[in-house]
Amino acid sequence: MVKQYEEGNIELYFNDFANEKEVKQSFANLKPGVTAEQVQAFQSAVSALVDMPAAYAVVVEKNRYSIA
């Protein structure tokens, strides 16, 4: 089988303590092969723009598999 990258997203989750809920923000068009350091740097940059503390980040990738 051949694995082919299709698309990826980074989903950032923030704690909204005032409303007692978790807020998710998704960012599309993730490049393939992103490193943990790049995700952490992106999460830190976005957290600097938002009043809510960042809880965690999730990388979501979609791949296509075909028989060669």
Side-chain angles (χ1 to χ4, degrees):
M1 293 191 104
V2 177
K3 179 180 174 181
Q4 183 180 20
Y5 182 84
E6 265 190 35
E7 67 181 79
N9 299 327
I10 292 180
E11 296 178 353
L12 297 181
Y13 292 82
F14 299 93
N15 290 319
D16 183 356
F17 294 117
N19 296 309
E20 298 180 354
K21 64 180 181 177
E22 190 173 72
V23 177
K24 177 181 91 169
Q25 180 65 50
S26 184
F27 299 88
N29 300 323
L30 182 66
K31 302 278 188 218
V34 67
T35 66
E37 292 81 18
Q38 291 171 318
V39 172
Q40 180 62 39
F42 181 74
Q43 182 179 3
S44 297
V46 172
S47 294
L49 301 172
V50 179
D51 290 335
M52 296 177 282
Y56 56 95
V58 176
V59 174
V60 179
E61 293 183 343
K62 290 174 92 175
N63 295 292
R64 177 182 304 176
Y65 293 90
S66 60
I67 299 174

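Residue numbers run from 1 in the order of the sequence given.
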Does one hydrophobic cluster hold both [X] and [Y], with members joined at side-chain heavy-atom distances below 4.5 Å?
X     : Y     : answer
Phe14 : Val60 : no
Val58 : Met52 : no
Val59 : Tyr13 : no
Tyr56 : Leu12 : no

Checklist entry - Do the side chains of Asn15 and Glu22 get nearer than 4.5 Å, heavy atoms only? => result yes
Item to check | Heavy-atom check, side chain of Val34 versus side chain of Phe42, under 4.5 Å | outcome: no
More than 12 foreign heavy atoms under 6.0 Å from [atom1] of [X]: is that the case here?
X     : atom1 : value
Asn19 : CG    : yes
Ile67 : CD1   : no
Glu6  : CD    : yes

Checklist entry - Once you round to the nearest 0.5 Å, how far does CG of Asn9 lie from CD of Gln25? => result 11.0 Å
Item to check | Distance (rounded to the nearest 0.5 Å) between Met1 CE and Arg64 CZ | outcome: 12.5 Å
Item to check | Atom of Gly33, atom of Gln38 and distance for their closest heavy-atom approach | outcome: O-OE1, 4.3 Å
Next on the checklist: Minimum heavy-atom separation for Gln43 and Ala54, please, with both atom names.
Outcome noted: NE2-CB, 3.6 Å
Item to check | Verdict with supporting geometry, Asn63 and Gln4, side chain to side chain contact (heavy atoms under 4.5 Å, CB included) | outcome: CA-CA 5 Å; Asn63 295 292; Gln4 183 180 20; over 6 Å; no
